[in-house]
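This report refers to the structure that appears directly beneath it.
Every value quoted in this text rests on a predicted model; they were computed, and no experiment measured them. Here is how names work: the chains are called A, B, and so on, in the same order as the sequence lines, proteins then strands, and each is numbered from 1.
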Amino acid sequence: MIVTRFAPSPTGYLHVGGARTALFNWLLARKTGGKFLLRIEDTDMKRNTATAADQVLKDLKWLGIDWDEGPDIGGPNGPYKQSERRAIYDAYIAQLIDAKKAYYCFDTPEELTELRLAAEKEKRNNIYPRPDVFPSASDVEKAKAEGRPVTVRLAITQTDPIVIEDEIRGTISIEPTELSDFIIQKSDGFPTYHMAVVIDDELMGVTHIIRGQEHLMNTPNHQLLQKALGFRVPKYGHMSVTVSDSGGKLSKRERPKTLKKAIKAMADIDTDALAKAGSITAEELETFLKGKTTPDMPAVDAMAEFAGVHLPEINIVDFFRSGYLPETLVNFFALLGWNPGDGREIMNRDELIQAFDLSRVNKSNSLFDRQKLMSFNTEHLKTTLTPIETLVTHFRAYLEENDSPVAKADDASLERIIRINEGARTLEQIEQKTRFAFLADEAIEYDPKAVKKVLLKGNGLEMLKVVAEALATLKDLTPESIEALLRSLAEEKQVGLGKIAQPLRVAICGNTISPPIFDAVDMLGINAVLKRIENTLTTFQQEKD
RNA sequence: GGCCCCAUCGUCUAGAGGCCUAGGACACCGGGUUUUCAACCCGGCGACAGGGGUUCGAGUCCCCUUGGGGCUACCA
């Protein structure tokens, strides 16, 4: 049975790269009827945060990537947090030391830096100088007494090339002379990533490791470790990386970078208010704009919202907040470096699982194209692709996350809203087009451009009066009856429907963008419609005169 | 610098030596539809990085060059 895993280190939100890695492992497991494990790699005590681990789990769940064993649900090979597996690692490290396959080191960080600098200067690889005689237990005591750090390194004694049979890249061979004895236990007693990952994958029965290209050069080390410990070698597959369409790596830094650029371009922004919006001091804002410091993510997000800047989505939550569907992301990520080979692009989860094949994964890097993502979202937003109940659930979650007034609507209304907005690109667009119906009549904000073009120029206001009179006589209010009424009105007045619909639209929505006008009127209800027309007439009649 | 990986339209890609006059999708441009924004329909633009081989025949195999990426930590 194929067993795959996703092993994030909890240092922040789940990002695009991590989600893609998780997805490929998950697809492989689901396709083959195998198991998919989740393991938290929290051996770096300096970087981990407890909430980050929970957030990663939450993000995966939102994407619909589920696991068969993991920190929250347990399993036969737990615990699934590396910080809770210390005893296991210690035993294997002791085993390697006893067998003289690993040895203690007592170098200070300064000494190691010196070694590295010397190697750089001489233009050679930084290979750690292995002592001829390995330090003994008493040497360890002595070093500790002197206050020196104690670490453990693996002795690399193999002379044959290390061969990686990569499921994606084919055979890769590396000379052992390129490899340095690396640390397997840190001075704080924790194993390094290399040690922990090798032991866990063995003990948890992981058969296939699909990971990013950044791990390719770790693999010889891992294989050496497996050999030294008498473990089996799992199958490896190293995926290409995905880079951002705004240039460079798809990294967290993109959001602050974009914000900084946008703020600098705004000549007349109130910096004090901006700093306040981000809950940072004016000084902090200043150093940020000078490029010296970077505020934390919540501050960046808050300031972006204040300034009305759209930040590039990097983390999975960013896509959620921007109104993308998890179905879209899963579909899109899967196609970044893989394709079914039959030309299909828009696929749901089951189709992806059905079609997935490791041998069709590409080797070349790809660019994250947000426009294509948006087009995918448009497709997944259609009820022909995604069940309406699913769309309603996602829409409600989106509305609640963003504190939208539309969240007041019941499920039946949300369903209707989604249906009449078929063709929208994101949930955000649907929300923007619909929120007019959930605001107080007096809270409508008129778009000056729309007012000028539709109401003040020409006879927009007169038409509005006519429409109001006609609507007031309408008995049963349905989109169909409204349509019939407005159409006959247009005919009677010898004008196009637009001459009637547009003023009405601006009157009830405040701008020229709305769902189809008949639905918009119906949704709002006749009383509110008449009230808003009246408000509009009184507000702009004088302005025109 | 060293080691490793990669290379087809702007982007994601199809392509397993003759099915290639290189196909699709997104984007872009033009047109249609239309009560707005979208969506939708039709059409168009547009690529084998360069150079050597191998072969009757190369986008496909080999080599070199160039370009891009990754790694080079007591981070994962």
Give a yes/no on whether any side-chain N or O of A:K363 is located under 4.0 angstrom from OP1 or OP2 of B:C6. yes

With a 4.0 Å cut-off on heavy atoms, is A:R505 in touch with a base, just the backbone sugar-phosphate, or nothing at all? base

Using a heavy-atom cut-off of 4.0 Å across all strands, would you classify A:T151 as base, sugar-phosphate, or nothing? base

Is any N or O donor-acceptor pair between the side chain of A:E345 and the base of B:G24 shorter than 3.5 Å? yes

OP1 or OP2 of B:C75 versus the side-chain N and O atoms of A:K186: is any pair under 4.0 Å? yes

Comparing nearest nucleotides in RNA chain B, the 5'-proximal residue of the pair A:K382, A:S514 is A:S514

Tell me whether the side-chain N/O atoms of A:N365 come closer than 4.0 Å to OP1 or OP2 in B:C6. no

Choose from B:U35, B:C12, B:A73 the nucleotide whose nearest atom is closest to any side-chain atom of A:R116. B:A73

Base, sugar-phosphate alone, or nothing: which one does A:S375 contact when heavy atoms must sit under 4.0 Å apart? sugar-phosphate

A:F332: which of A:F319, A:F368, A:Y324, A:W338 passes ring-ring contact (aromatic ring centres under 6.0 Å, His included): A:F368

Nucleotide paired to B:G30 in any strand shown, Watson-Crick or G-U, under 3.5 Å: B:C42

Identify whether any heavy atom of A:T43 sits under 4.0 Å from a base atom; if not, whether one sits that close to sugar-phosphate; answer base, sugar-phosphate or nothing. sugar-phosphate

Using 0.5 Å steps for rounding, measure from the CG atom of A:D200 to the CD atom of A:E41. 7.0 Å

Could you please name the partner base of B:A16, counting Watson-Crick and G-U wobble pairs only when both distances are under 3.5 Å? none

Taking any heavy-atom pair under 4.0 Å as a contact, classify A:G496: base, sugar-phosphate, or nothing. nothing

Look at all strands and tell whether A:R211 reaches a base, only sugar-phosphate, or nothing, counting heavy atoms closer than 4.0 Å. nothing

Options B:A27, B:C12, B:A14, nucleotide nearest the side-chain atoms of A:Q371: B:A27

Check every atom of B:A76, B:A27, B:U36 against the side chain of A:Q502 and return the nucleotide holding the closest atom. B:U36

What residues in residues 154-169 of chain A put a non-hydrogen atom under 4.0 Å from any atom of RNA chain B? A:R169

Residues in contact with RNA chain B, drawn from residues 213-222 of chain A - heavy-atom cutoff 4.0 Å: A:Q213, A:E214, A:H215, A:L216, A:M217, A:N218

Considering just the side-chain nitrogens and oxygens of A:N362, establish if one lies under 4.0 Å of OP1 or OP2 belonging to B:U13. yes

Base, sugar-phosphate or nothing for A:F518? Non-hydrogen atoms, less than 4.0 Å. base

Carboxylate-amine/guanidinium contact A:D447 A:K449, below 4.0 Å: no

Do A:D42 and A:S83 have side-chain N/O donor and acceptor atoms under 3.5 Å apart? yes

Of the candidate nucleotides B:G2, B:U35, B:A27, which contains the atom at the shortest distance from the side chain of A:N125? B:G2

Pairing of A:R419 and A:D519 as salt bridge, 4.0 angstrom limit: no

